[in-house]
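Counting convention: from 1, in listed order, for ligands and their atoms alike.
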Amino acid sequence: MQTPTTPCPSRAALLVIDVQNDFIPGGALAVPQGEQIVPLINRLGSHFKQVVIAQDWHPAGHISFASSHEGYTPNDSIQLPYGPQVLWPDHCVQASRGAELHPQLHLPHAQLILRKGCNPDIDSYSAFVEADRSTTTGLAGYLSQRDIDTVYLVGLALDYCVAWSALDARAAGFNTSVVVDACRAIDHNGSLDQAIRQMRSAGVNLIGSSELQLTVGHR
Ligand code: VGL
Ligand code: ZN
């Protein structure tokens, strides 16, 4: 009757990406409807034994902030030593209210909160590898050492941090699915279409939460 989308759910982890005040309407880098995914993420999370929460966590004056570059405004793009960088409003500054996880996010059994984007000179959309494409966060090693071979991603924003994390999870060899209805996108300048194309061609599964088999228990 039920067809699992993953061959071995007990070796799966849920990766909850950047569900933080600054990415919710009212925050500094609001993702439209970002608040709507929180109840679904809580429900999905309760079925996973392994939950990892990623948190965008920038020092003040971070290189990805438009305010750090004279004459630039948010959504401009600049060239940095590691490649093109979109400039953002100041957001998720370490220890600020905006950087806190959404107050309704309820994942008490999550064992790892991974903070990324902490390097003042390198952005990190991905929870696995920073934007220089070589500095790792250690997350792939953490998951492998816990015998995880499958990851499901949810959170914000689908076209930036979720997509980059999913692509890197796939590149690191994990079976990788993005639960699309548990994500919301920024979607500027075609970023969402591009992210979806890239994920598809890399072998990332794009699924709906109803396709996730929850009753046979990840927990
Ligand atoms: C994000 C832009 C800048 C995200 C983080 O979480 O998708 N987007 N920093
Ligand atoms: Zn950021």
Legend entry - Gap separating the NZ atom of K116 from the CD1 atom of I17, nearest 0.5 angstrom: 7.0 Å
Legend entry - Under-2.8 Å neighbours of the Zn ion (ligand 2), protein N/O/S atoms only: 3
Inset, instruction - Flag the pair F23 / H91 as yes when their ring centroid distance falls below 6.0 Å, and as no otherwise. - result: yes
What are the polar N/O contacts of ligand 1 with the protein below 3.5 Å, with distances?
unit_1, atom_1, unit_2, atom_2, d
ligand 1, 6 (O), D18, OD2, 2.7
ligand 1, 6 (O), L156, O, 3.4
ligand 1, 7 (O), A157, N, 3.0
ligand 1, 7 (O), C161, N, 3.1
ligand 1, 9 (N), D56, OD2, 3.1
ligand 1, 9 (N), H91, NE2, 3.1

Legend entry - H62 backbone acceptor or donor facing S68 side chain under 3.5 Å: yes
Inset, instruction - Decide whether Q85 and D123 meet the rule of one side-chain donor and one side-chain acceptor closer than 3.5 Å. - result: yes
Inset, instruction - With ring pair (Phe, Tyr, Trp, His ring centres under 6.0 Å) as the test, would you mind laying out the steps for H109 and F48 before giving the verdict? - result: CA-CA 9 Å; H109 60 298; F48 282 82; 8.9 Å; no
Inset, instruction - Taking the side chain as every heavy atom from C-beta outward, state whether S126 and R133 have any pair of such atoms under 4.5 Å apart. - result: yes
Inset, instruction - Find out whether Y142 and L114 are in side-chain contact, i.e. whether some heavy atom of one side chain is under 4.5 Å from a heavy atom of the other. - result: no
Legend entry - Distance in Å, H102 NE2 paired with Q20 CD, rounded so as to fall on 0.5 Å steps: 11.5 Å
Inset, instruction - Please tell me if the side chains of I207 and V178 come closer than 4.5 Å, counting only heavy atoms from C-beta onward. - result: no
